Amino acid sequence: MNAISFVHEQLTANKQYPKFKAGDNVTVNYKIVEGNKERIQSFKGDVVKIQGTGFTASFTVRKISDGIGVERLFPLYSPNIDGIVLNKVGKVRRAKLYYLRERAGKKARIKEKRV
């Protein structure tokens, strides 16, 4: 059993991401495949929720694009995620920020936590 787990650990590269939670502003660099070309696309926004544990964990990022709210769900351990950059640490009191969906403008802002 040790040999199987050793080989599994060697083949699966564990990526190191910064610790983030709901309310943080992150940039997710995601690999996009178009035909035979591959490029990296950035998605910058606020983390609305983190759900699941282990390899089934995923997180939702929300941004405002041309006045329209766009949410995207990313599997945390997806091989298509090139990297996650933590931009700001938000000051929130909830784990799921669904209330941001009804808000717009300055009401939808999240205060930054002072360090």
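In this chain, residues are counted from 1 in sequence order. On a predicted model such as this, the values are computed, not experimentally measured, just so you know. Just so you know, these numbers use all the heavy atoms, side chains as well, and skip hydrogens, waters and symmetry mates.
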J.: Does any part of the side chain of Ile64, heavy atoms only, come nearer than 4.5 Å to the side chain of Val70, both counted from C-beta?
T.: no
J.: Tell me, yes or no, whether the heavy-atom count around Lys31 atom NZ, taken from other residues, nucleotides or ligands under 6.0 Å, exceeds 12.
T.: yes
J.: Got a second to check how far Asn80's CG is from Gln41's CD, nearest 0.5 Å?
T.: 12.0 Å
J.: Below 4.5 Å, heavy atoms only, C-beta onward: do Phe20 and Val89 meet side chain to side chain?
T.: no
J.: Return the OG1 to NZ distance between Thr60 and Lys96, rounded to the nearest 0.5 Å.
T.: 9.0 Å
J.: Closest approach of Ile50 and Lys21, non-hydrogen atoms and distance?
T.: CD1-CA, 3.7 Å
J.: Within the structure provided, determine whether Glu34 and Arg39 are in side-chain contact (heavy-atom separation under 4.5 Å).
T.: yes
J.: Side chains of Gln51 and Leu76, heavy atoms from C-beta outward: is any pair under 4.5 Å?
T.: no
J.: Output all residues satisfying side chain to side chain contact (heavy atoms under 4.5 Å, CB included) with Thr56, sequence neighbours left out; order by chain, then residue number.
T.: none
J.: Taking NZ in Lys91 as the centre, count heavy atoms belonging to other residues, nucleotides or ligands within less than 6.0 Å. Is the count above 12?
T.: no
J.: Hey, are the side chains of Val28 and Tyr17 touching, using non-hydrogen atoms and a 4.5 Å cut-off?
T.: no
J.: Taking NZ in Lys113 as the centre, count heavy atoms belonging to other residues, nucleotides or ligands within less than 6.0 Å. Is the count above 12?
T.: no
J.: Using the side chain to side chain contact (heavy atoms under 4.5 Å, CB included) criterion, which residues pair with Ser42? Sequence neighbours excluded.
T.: Thr27, Asn29
J.: Just by modelled atom types, is the Arg62 backbone N or O under 3.5 Å from a matching donor or acceptor in the Asp46 side chain?
T.: no
J.: For Phe74 together with Tyr30, are the ring centres under 6.0 Å from each other?
T.: yes
J.: For residues Leu97 and Val47, determine if any side-chain heavy atom of one lies less than 4.5 Å from a side-chain heavy atom of the other.
T.: no
J.: Restricting to pairs with a member in residues 87-115, which pass ring-ring contact (aromatic ring centres under 6.0 Å, His included), not counting sequence neighbours?
T.: none
J.: Report, as yes or no, whether the 6.0 Å neighbourhood of atom CZ on Arg94 holds more than 12 heavy atoms from other residues, nucleotides or ligands.
T.: no
J.: Would you give the length of the straight line joining atom NZ of Lys49 to atom CD of Glu71, rounded to the nearest 0.5 angstrom?
T.: 8.0 Å
